[in-house]
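See below for the structure under consideration.
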Amino acid sequence: TDGTAAILAGYDHPRLRKLRCEHVSYTQVKKLVTGEAQGELLAVLDADDIARPDRLSRQAAMFDADPQLALVGSWVRLIDGQDQELGQLRPPADHVDLVDRMPFENPIAHSSFMFRKAAAMAVGGYRQDLGYAPDFGLELALCQAGYKLAVVPELLIGLRQHSGQSTYSPAFAATRNGETYGLFLSARQLPGVSAQALAQGRETLALSALRQAWALLRLGRPLHAATWALRGVRWAPYRAAYTVAQQSWGCMRRCAGLS
């Protein structure tokens with residue numbers, strides 16, 4: 001619907017393969033393309049994100065320098081629809097520091113991914129049970145299998161931010177919260193995770209559980225919501241109490257017409 005097919009029809013190059021995917025999910029597309037790609041290194045660029053002209057060469061050079069690397073990301077600029085910068089994401093460059101972020105955040109933006117196809121296929125590629133965070137799932141699976149990650153400390157990608165992104169819609173909230181909770185929980189088992197990262201991860205798990213509880217309440221599933229709320233309290237009681245109070249105050253203000 002965005003004219004991509006028509007644009008691609010205007011290009012004819014022996015190294016360009018055009019795949020048309022209809023009635024398949026976001027994750028299924030990733031799985032299909034990974035399987036069909038014939039290169040040793042695969043680079044990702046989602047939707048309307050943009051890349052610096054030297055993005056591929058900068059990341060490929062890092063793979064050449066370290067045969068143990070399985071996935072390389074980069075710093076990214078957050079941009080709006082007019083390419084104006086809204087902010088930046090600058091994750092650490094080293095594998096050890098990246099792993100230490102995983103119990104409380106996904107450190108590498110998907111559009112900055114370049115990975116070895118053989119390594120990705122060895123761990124099963126993009127997980128089909130993840131509709132929101134298959135990228136984080138792949139990072140985690142590579143780490144669990146003993147592969148190394150890295151980041152090029154340069155702003156190679158422009159990551160588009162807009163209100164219409166489906167993965168941030170209220171209707172997708174339950175999927176988003178449930179998946180991130182499970183992935184953060186698994187990341188706590190990675191070798192070398194620091195005590196500080198585990199402590200910060202407890203708060204992140206509490207917030208994820210409470211957000212899931214609110215999402216399930218909106219879906220009319222109070223019993224499931226209560227179960228998730230209790231999980232949040234178990235991970236971080238003080239954070240849970242603060243979040244519930246904050247949400248309740250916001251609801252009261254909206255009901256009173258104050259915001």
Side-chain angles (χ1 to χ4, degrees), residues 1-2 21-32 46-48 78 80-81 86 102-107 109-110 124-141 159-189 198-259:
T1 59
D2 61 358
C21 305
E22 297 182 357
H23 310 299
V24 293
S25 70
Y26 169 78
T27 307
Q28 288 171 330
V29 169
K30 301 300 181 192
K31 188 90 169 180
L32 171 65
D46 281 334
D48 51 357
L78 304 178
D80 63 15
L86 304 173
M102 289 186 175
F104 56 88
E105 70 176 14
N106 177 6
H110 189 223
Y126 290 99
R127 284 174 48 182
Q128 297 297 283
D129 61 323
L130 298 177
Y132 168 71
D135 52 337
F136 193 18
L138 179 58
E139 292 171 51
L140 188 57
L159 199 65
R160 195 80 60 185
Q161 306 290 295
H162 56 82
S163 58
Q165 289 173 307
S166 60
T167 53
Y168 289 100
S169 68
F172 206 63
T175 297
R176 180 172 66 246
N177 298 325
E179 286 185 12
T180 53
Y181 179 91
L183 292 168
F184 289 141
L185 190 62
S186 295
R188 297 176 66 83
Q189 307 304 316
L198 291 175
Q200 191 165 348
R202 292 183 69 88
E203 291 211 357
T204 301
L205 285 167
L207 286 172
S208 295
L210 291 169
R211 288 174 182 143
Q212 180 71 329
W214 286 109
L216 291 169
L217 272 178
R218 294 189 186 99
L219 292 174
R221 298 167 63 185
L223 294 180
H224 287 86
T227 299
W228 278 95
L230 288 173
R231 287 178 185 171
V233 171
R234 181 171 66 88
W235 282 112
Y238 295 109
R239 165 61 72 177
Y242 173 79
T243 302
V244 170
Q246 191 178 42
Q247 291 278 3
S248 299
W249 175 245
C251 288
M252 287 188 292
R253 284 178 61 85
R254 285 192 295 272
C255 290
L258 298 176
S259 62

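All residue numbers refer to positions in the sequence shown, counting from 1. Note that the coordinates shown come from a computational prediction; the quantities given were computed from them, not determined experimentally.
The two residues Gly131 and Phe172 make their nearest non-hydrogen contact at O-CZ, 3.7 Å. Residues Leu159 and Ala109 come closest through the heavy atom pair CD2-CB, 4.2 Å. Of all the heavy atoms in Met102 and Pro107, the pair that sits closest is CG-CD, 4.0 Å. Nearest heavy atom pair, residue Ala225 against residue Leu217, reads CB-CG, 3.7 Å. The two residues Gly137 and Leu183 make their nearest non-hydrogen contact at CA-CD2, 4.0 Å. Minimum heavy-atom separation, Tyr126 to His110: OH-NE2, 2.8 Å.
Identified under the side chain to side chain donor-acceptor pair (under 3.5 Å) test for residues 223-234, with sequence neighbours left out: none.
Using a distance-only test at 3.5 Å, with no hydrogens or angles considered, a donor-acceptor pair links the side chain of Arg202 to the main chain of Trp235. Between the side chain of Asn177 and the main chain of Arg211, a donor-acceptor pair closer than 3.5 Å is present. Formation of a donor-acceptor pair under 3.5 Å by the Arg160 side chain with backbone atoms of Asp80 is found in this model. Gln161 places no side-chain N or O within donor-acceptor distance of the main-chain N or O of Leu86, the cut-off being under 3.5 Å.
Remark: of the listed residues Val29, Thr27, Asp129, Thr27 is the sole one forming a side-chain contact (heavy atoms from CB on, under 4.5 Å) with Pro134.
Residues satisfying the ring pair (Phe, Tyr, Trp, His ring centres under 6.0 Å) criterion with Phe104, sequence neighbours excluded, are absent altogether.
Residues Arg188 and Pro103 meet the side-chain proximity criterion, which asks for heavy atoms closer than 4.5 Å. Side-chain atoms of Leu207 and Gln212, non-hydrogen and from C-beta on, never get closer than 4.5 Å to each other. Here the side chains of Glu139 and Asn106 are in contact, with some heavy-atom distance below 4.5 Å.
Expressed to the nearest 0.5 Å, how far OG1 of Thr204 lies from CG of Leu198 amounts to 11.0 Å. The line from CZ of Arg176 to OG of Ser208 is 10.5 Å long, rounded to the nearest 0.5 Å. One finds the CG atom of Leu130 at 10.5 Å from the CG atom of Leu138 (value rounded to the nearest 0.5 Å).
A salt bridge is defined here as a Lys NZ or Arg NE, NH1 or NH2 lying under 4.0 Å from an Asp or Glu carboxylate O, and Lys30 with Asp46 meets this definition.
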